A.B. asks: 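First the structure, which I've put down as structure tokens, then a few questions once you've had a look.
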Amino acid sequence: MEQGRIELSSLPSAFDLQSTLESGQSYLWWREDGEDYADETQHGGSKWYLTTTRVSDEPAVIRARQHDGGLEWQSTIDAEPILSRRLRLDDDLDAIRSTAPDDELIERAYDSYPGLRLVNDPPFGTLISFICSAQMRVSRIQEMQQSIRTEFGTPVSFDGSTYHAYPTPEQLAAGTEAELRDLSLGYRAPYVQRSAELVTDGTPLDVRGNPYEEAREALTEFVGVGDKVADCILLFSLNYLEAVPLDTWIRQTIEEYFPKCDRGNYTETSRAIRDALGGEYAGYTQTYVFHFLRNGGGDELSG
DNA sequence: ACCCAGGGAAAGT
DNA sequence: ACTTTCCATGGG
């Protein structure tokens, strides 16, 4: 087992692992110890999180926690460069925040979660997990990903236990709709199976290089991917930091705080809210607001 | 029993 | 193009 530590004081900005991984962005990390949400006394939470990744097509396990001013990790590989990329450790949060509009809700959201970063997850896992996210609670989306890993992923031994890497497109496409329904995916089962097949058949998933709106349009080629899920894939795995997924929470936010941005359809409302949130990093700001409101932060404001 | 959950596909105007 | 309707499942 390899291990290491990244000194957080060496980063350009603050970092907070717990809010980053528990803000509904990533379903590809999971908490080692299941339930205990009570022990949040220490910055970063001090809890261990796990994820899997592939290096040269070989599956690897990474375990990380924030502890005593450092991001500590244990892994089957040298995880430092991957953690840096996946957790966007080089982002300059002050510069990003400075692009956000002067607005009470947004200031409160940023102030409430210092060190919250966007994630930069692998595209395929992001595609599948956000197909699963339709009309589903966060905890169940995570459970679905665990089931998918266990059922279809390559086993990896790490620290005396067996983990499962997230399946490749080939591994998942080889599954049947019935097998996926057995994992309680419901009506999303055929979407997942067909989208995995589309990836193996060459439909482009890494659409980086295209202008934002064209990239979003291209992703809706996948089954179970509409504009909202496409925006999630762009924001959380393909480095389109301007993407603002118009989910139920953000639509409610628009209605309450930015009513002029409601243009009746996705494309135009997206343009308006993206502009209202500062353009280039609108998706970053959206993620703070989403997490803030979902944790009840709007109750004291809306009065 | 009823409602909702980070929506989208299919059918109907 | 725009608007319903239906979709599986588990938790409150």
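In the text below, chain A, chain B and the rest are named by the order of the sequence lines, each starting its count at 1. Please read all numbers here as calculations on a predicted model, not as lab measurements.
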A.B. asks: When you compare the side chains of A/D231 and A/Y266, does any donor N or O come within less than 3.5 Å of an acceptor on the partner?
C.D. replies: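 Checked: A/D231/A/Y266 side chains pair up, N/O donor to acceptor below 3.5 Å.
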A.B. asks: In this structure, how many angstroms lie between the P atom of B/dG7 and the OH atom of A/Y27, rounded?
C.D. replies: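 Interatomic distance, OH of A/Y27 to P of B/dG7: 9 Å.
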A.B. asks: Please give, in whole Å, the distance from B/dA9 P to A/I131 CD1?
C.D. replies: 9 Å
A.B. asks: Whole angstroms only, please: what is the CD-P distance between A/E268 and C/dA1?
C.D. replies: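 To the nearest whole Å, that distance equals 14 Å.
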A.B. asks: Can you tell me how far C1' of B/dG8 sits from CG of A/L246, to the nearest Å?
C.D. replies: 14 Å
A.B. asks: Base, backbone or nothing for each nucleotide of nucleotides 5-12 of chain C, written B, S, -, heavy atoms under 4.0 angstrom, 5' to 3'?
C.D. replies: --BBBBB-
A.B. asks: When the P atoms of C/dG10 and B/dA9 are compared, how many Å lie between them, rounded to an integer?
C.D. replies: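 The same atom, P, in both gives a distance of 23 Å.
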A.B. asks: Scan A/G226 against the nucleic acid and name what it touches under 4.0 Å (heavy atoms): base, sugar-phosphate only, or nothing.
C.D. replies: sugar-phosphate
A.B. asks: Return the value, rounded to whole Å, for the distance between atom CG of A/L127 and atom P of B/dG7.
C.D. replies: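 Computing the A/L127:CG to B/dG7:P distance gives 16 Å.
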A.B. asks: For C/dA8 versus B/dA11, give the span between their P atoms, rounded off to a whole number of Å.
C.D. replies: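 To the nearest whole Å, 14 Å.
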A.B. asks: With a 4.0 Å cut-off on heavy atoms, is A/Q286 in touch with a base, just the backbone sugar-phosphate, or nothing at all?
C.D. replies: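 Here A/Q286 touches the bases of the nucleic acid.
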A.B. asks: For A/Q142 and A/Q146, what are the C-alpha separation, side-chain angles and deciding distance, and is it a side chain to side chain donor-acceptor pair (under 3.5 Å)?
C.D. replies: CA-CA 6 Å; A/Q142 282 167 337; A/Q146 286 290 17; over 6 Å; no
A.B. asks: Roughly how many Å is it from CD in A/Q252 to C1' in B/dA5, rounded to a whole number?
C.D. replies: 13 Å
A.B. asks: Using the side-chain hydrogen bond (donor to acceptor under 3.5 Å, both in side chains) definition, which of the options A/Q66, A/R65, A/H67, A/R63 pairs with A/E72?
C.D. replies: A/R65
A.B. asks: Taking the six-membered ring for Trp, are A/H291 and A/Y113 parallel (under 30°), tilted (30 to 60°) or perpendicular (over 60°)?
C.D. replies: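 Ring orientation, 0 to 90° scale: tilted.
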A.B. asks: May I ask you to decide if the ring planes of A/W30 and A/Y163 are parallel, tilted or perpendicular, using 30° and 60° as cut-offs?
C.D. replies: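 The rings of A/W30 and A/Y163 sit tilted, inter-plane angle from 30° to 60°.
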A.B. asks: Of A/V223 and A/T287, whose nearest nucleotide on DNA chain B comes first from the 5' end?
C.D. replies: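 In this pair, the answer is A/T287.
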A.B. asks: Report the distance from atom NZ of A/K228 to atom P of B/dA5, rounded to the nearest whole Å.
C.D. replies: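 For the pair A/K228 NZ and B/dA5 P, the rounded distance is 13 Å.
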A.B. asks: Taking side chain as C-beta onward, heavy atoms only, is A/F130 less than 4.5 Å from A/D121?
C.D. replies: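 With C-beta onward as the side chain, the pair stays apart.
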A.B. asks: Touch check for A/Y266, heavy atoms < 4.0 angstrom, all strands: base, sugar-phosphate only, or nothing?
C.D. replies: nothing
A.B. asks: Send over the distance from A/N265 CG to B/dG8 C1', rounded to a whole Å.
C.D. replies: 16 Å
A.B. asks: Determine the Euclidean distance between corresponding P atoms of C/dT5 and B/dC3; express it in Å to zero decimal places.
C.D. replies: 15 Å
A.B. asks: Please determine if a side-chain N or O atom of A/T248 lies less than 4.0 Å away from the OP1 or OP2 oxygen of B/dG7.
C.D. replies: yes
A.B. asks: Nearest-nucleotide wise, let me know which of A/Q25 and A/F222 is further upstream toward the 5' end of DNA chain B.
C.D. replies: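 Here A/Q25 is the residue nearer the 5' end.
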A.B. asks: One thing to verify: whether A/D111 and A/R97 come together as a salt bridge, which I'm taking to mean a side-chain N less than 4.0 angstrom from a carboxylate O.
C.D. replies: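 Answer for the salt bridge query: yes.
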